[in-house]
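Below, chains carry the letters A, B, ... as their sequence lines are ordered, and counting in each starts from 1.
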Protein chains: 4
Amino acid sequence: MTTEQRVRRAAVKLFADKGFHGTGIRDLAQEAGISSASLYHYMGTKEELLSGIMRECLDRLLLGARRATGGVADPRQRLVSLVALHVLAHALQPAETRVVDNEVHALSAATRRQIVALRDEYEQLWSAAIDDGIRRGGFTTPEPAVTRLALLEMCSGVARWYSPRGPVELDRLAGHYTGLALRMLGSADHECPAGLDTARKVLSDVWGKTL
Amino acid sequence: MTTEQRVRRAAVKLFADKGFHGTGIRDLAQEAGISSASLYHYMGTKEELLSGIMRECLDRLLLGARRATGGVADPRQRLVSLVALHVLAHALQPAETRVVDNEVHALSAATRRQIVALRDEYEQLWSAAIDDGIRRGGFTTPEPAVTRLALLEMCSGVARWYSPRGPVELDRLAGHYTGLALRMLGSADHECPAGLDTARKVLSDVWGKTL
Amino acid sequence: MTTEQRVRRAAVKLFADKGFHGTGIRDLAQEAGISSASLYHYMGTKEELLSGIMRECLDRLLLGARRATGGVADPRQRLVSLVALHVLAHALQPAETRVVDNEVHALSAATRRQIVALRDEYEQLWSAAIDDGIRRGGFTTPEPAVTRLALLEMCSGVARWYSPRGPVELDRLAGHYTGLALRMLGSADHECPAGLDTARKVLSDVWGKTL
Amino acid sequence: MTTEQRVRRAAVKLFADKGFHGTGIRDLAQEAGISSASLYHYMGTKEELLSGIMRECLDRLLLGARRATGGVADPRQRLVSLVALHVLAHALQPAETRVVDNEVHALSAATRRQIVALRDEYEQLWSAAIDDGIRRGGFTTPEPAVTRLALLEMCSGVARWYSPRGPVELDRLAGHYTGLALRMLGSADHECPAGLDTARKVLSDVWGKTL
DNA sequence: AATGAATGAGGATTCATTCAT
DNA sequence: CATGAATGAATCCTCATTCAT
């Protein structure tokens, strides 16, 4: 593992645990195993380190979501893939995703705009799947916008509590959440193996992780 | 409004917006409209200010949840009341609840234990309702513990996006979320007016707010 | 003497002796007799301290020069007053003026523009006196612009070597320099008591110093 | 051009523009077009780089002044040569001479002594010419010591404003300044072609520059 | 010869907190 | 009650310099 990776990893861990402002440059250095001056060989500003982490995480999520939904006609399948991918990403990389979810306020205005734009683009894929599903996929829900937010928050929450050492396996977790999502959307059928398969494949391609 | 309230309010706002570590004592003073030295007439430590906010918020939530569920036999009604109350509290006091949800890491170990204990006690009421509901209320869900967490995260998420200036009214919001919850729990019926009524009443009694 | 004055004085001394970049915030604090944190009760940035010193010094010089030349018809007298005032100011406040002369490079672009504008305005008074003197005051010099610069550098140099503990008294010093200036400008007469008197008066009015 | 020369040149430029303490080792490296580590193949300490520049510049000035005055009986001619040489050196090498004039404070005590000794030796030649000129060269000035300082500051100032892109040619500039000097010293005749010629010759011999 | 990597010391500035007034 | 003044400790970051490669 390169030193740069060690720095990145230290930052992800500490930013997730103690927050950006709660993490000192000395904490980062100690966690990375180098001096605080050496830190600056591998990063720009502390804030650039943060935004880099966020961008990478969101880029990957967006790429995965696009791969999982691109060319898929069935909105139910798209939605299931999105949910599964989101849940798996948050369960596998809880630190990264918590940083993305919680530390936006620490960004400068300019960078914040970029990050929020990425997130909006990502959520747009959810909106499309939900709206399509209502039109022609058997979804029934008043206030689809509210339901979308409820879904997203529910799935993102996984990063706040999931532990690989717990009793629930990842595959089962994803299946459970897709079931919840389909129920929330009033779908008659609560399963969609195709969507789950797609998510597994994308997870392997984009994150390099196999369940 | 007393100065103490002004300080409390300033802290809630800033801790919610910029995080505990991102908020300086001078920021607090400016927002409260007094000098940073005067601040210390109305608070102990900065951390005590934080824990006070959290405790009060959680105390109220716990009190409300107890009142809403105490003596209620039907687990479906209890669950609906809990969801509605949680959603309403988070929509009405988004700043307070975001502080509770996001700034636990800033607490000292001792205080954190107390706060987490309160939260656990609160979540215990949810667990009870769900477990009872599975046993004898028509709930069907594998992994009830996961479902509980999904529910809580979904409902807490309201504080992150709800705006009173948006198109959705509070009463409708609560109804929507209780519906989502009942769907997630596989309940045959997706409504429970009694549970909503209880929540409204408790909200008035404990929070002093009427919809 | 107020603490703010002590800070200002410390800065003037150290900036003059060791340069802006050669002076640390801790040096300033020590010289002012307070802690480096307390320093920030009495100043903004270190650079603002610098620009403040420069502005005040240049403001006074400009004010003095205007008072000494305003309404004076004879360009010879004006020039003599300017030289005398400049020399006296630099002899009496060598530290301040050396800061003005040597530390412009340490200013930010925006502030530098303001300071240079003040200096240009000041030098404009010299140009006017010299040009007028050539036209109708008996001055003869090729390249009046060069002569102006030579005069200014010669007079400013006083701040680099004059010591009140040396053998030359201030009044005599001013007289000597006005003589040199008139010679440089080819003036037939090398004295101009009126100009010197004006300078003495302005020095008393604007600087509050009497020879 | 060797790398060492490039380093030297970079240092001269940056020390002159931003001061010794305002110039970082990284600035030097960038300006020289090498890495900051490589810098240390061509220099000792940053301070040694500074003192080297000063010494070389002063050595050359001293050597030139000696050649220009050695064996010249007429103090008027000696003075004119000194003025011309000084002005030309400062106009041709404004950066070097500004470093010599402005950065003495950045030297360590020991090195400073050496540099100041060189400068004193150099100024001694001026003193001698002036004093001799008073005794038997037609110079008249009260306070010859003050006049010497005035002359030196006036001539050194050239480095602060002269631009080869300006309207005044070097030869003319030197002539103008020798004229000013002779006027300041009360010399009846304001020209001395022999002194100027000597200066030109020495400039060619010692600096390798032809006007 | 050249340089990435490394760092202890120090740069300016802000921190939360206390206290005399 | 209110606050200017004060500060030790900490903030992020850059410094000049060394060294293994």
Between atom [atom1] in [X] and atom [atom2] in [N], what is the gap in whole Å?
X	N	atom1	atom2	result
D:Gln30	E:dG4	CD	P	14 Å
D:Leu39	E:dG4	CG	C1'	15 Å
D:Leu49	F:dC15	CG	P	16 Å
D:Leu50	F:dA16	CG	P	13 Å
B:Ile34	F:dC1	CD1	C1'	10 Å

Exercise for review: Going by the side-chain contact (heavy atoms from CB on, under 4.5 Å) test, name the single residue among B:Leu50, B:Ile53, B:Ile115 that passes it with B:Glu103.
Suggested key: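 Answer after filtering B:Leu50, B:Ile53, B:Ile115: B:Leu50.
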
Practice item. State the NZ-CZ distance between D:Lys13 and D:Arg98, to the nearest 0.5 angstrom. Key: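 Answer rounded to 0.5 Å: 10.0 Å.
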
Practice item. Mark up nucleotides 14-21 of chain E, 5' to 3', with B wherever a protein heavy atom is under 4.0 angstrom from a base atom, S wherever such an atom reaches only the sugar-phosphate, and - elsewhere. Key: BBBBBB--

**Study point:** Salt bridge flag under 4.0 Å for residues B:Arg8 and B:Glu4
**Key:**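 Salt bridge absent between B:Arg8 and B:Glu4.
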
**Study point:** C:Asp101 and D:Arg160 ion-paired at < 4.0 Å
**Key:**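 Looking at D:Arg160 together with C:Asp101, the answer is no, because their closest N to O distance does not fall below 4.0 Å.
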
**Study point:** Test side chain to side chain contact (heavy atoms under 4.5 Å, CB included) applied to A:Thr111 and A:Arg55, step by step
**Key:** CA-CA 10 Å; A:Thr111 312; A:Arg55 228 184 303 265; 4.1 Å; yes

Check your understanding: Quick one: stems for DNA chain F, with Watson-Crick or G-U pairs under 3.5 Å, at least three in a row?
Key -> E:2-21 with F:2-21

Exercise for review: Find out whether C:Phe20 and C:Lys46 are in side-chain contact, i.e. whether some heavy atom of one side chain is under 4.5 Å from a heavy atom of the other.
Suggested key: yes

Practice item. With side chain to side chain contact (heavy atoms under 4.5 Å, CB included) as the test, would you mind laying out the steps for C:Leu107 and C:Met54 before giving the verdict? Key: CA-CA 10 Å; C:Leu107 295 171; C:Met54 288 185 161; 3.5 Å; yes

Do any side-chain atoms of residues 26-34 of chain C form donor-acceptor pairs under 3.5 angstrom with protein atoms, and if so which ones, sequence neighbours left out?
{"from": "C:Asp27", "atom 1": "OD2", "to": "C:Lys18", "atom 2": "NZ", "distance (Å)": "3.4"}
{"from": "C:Asp27", "atom 1": "OD2", "to": "C:Gly24", "atom 2": "N", "distance (Å)": "2.8"}

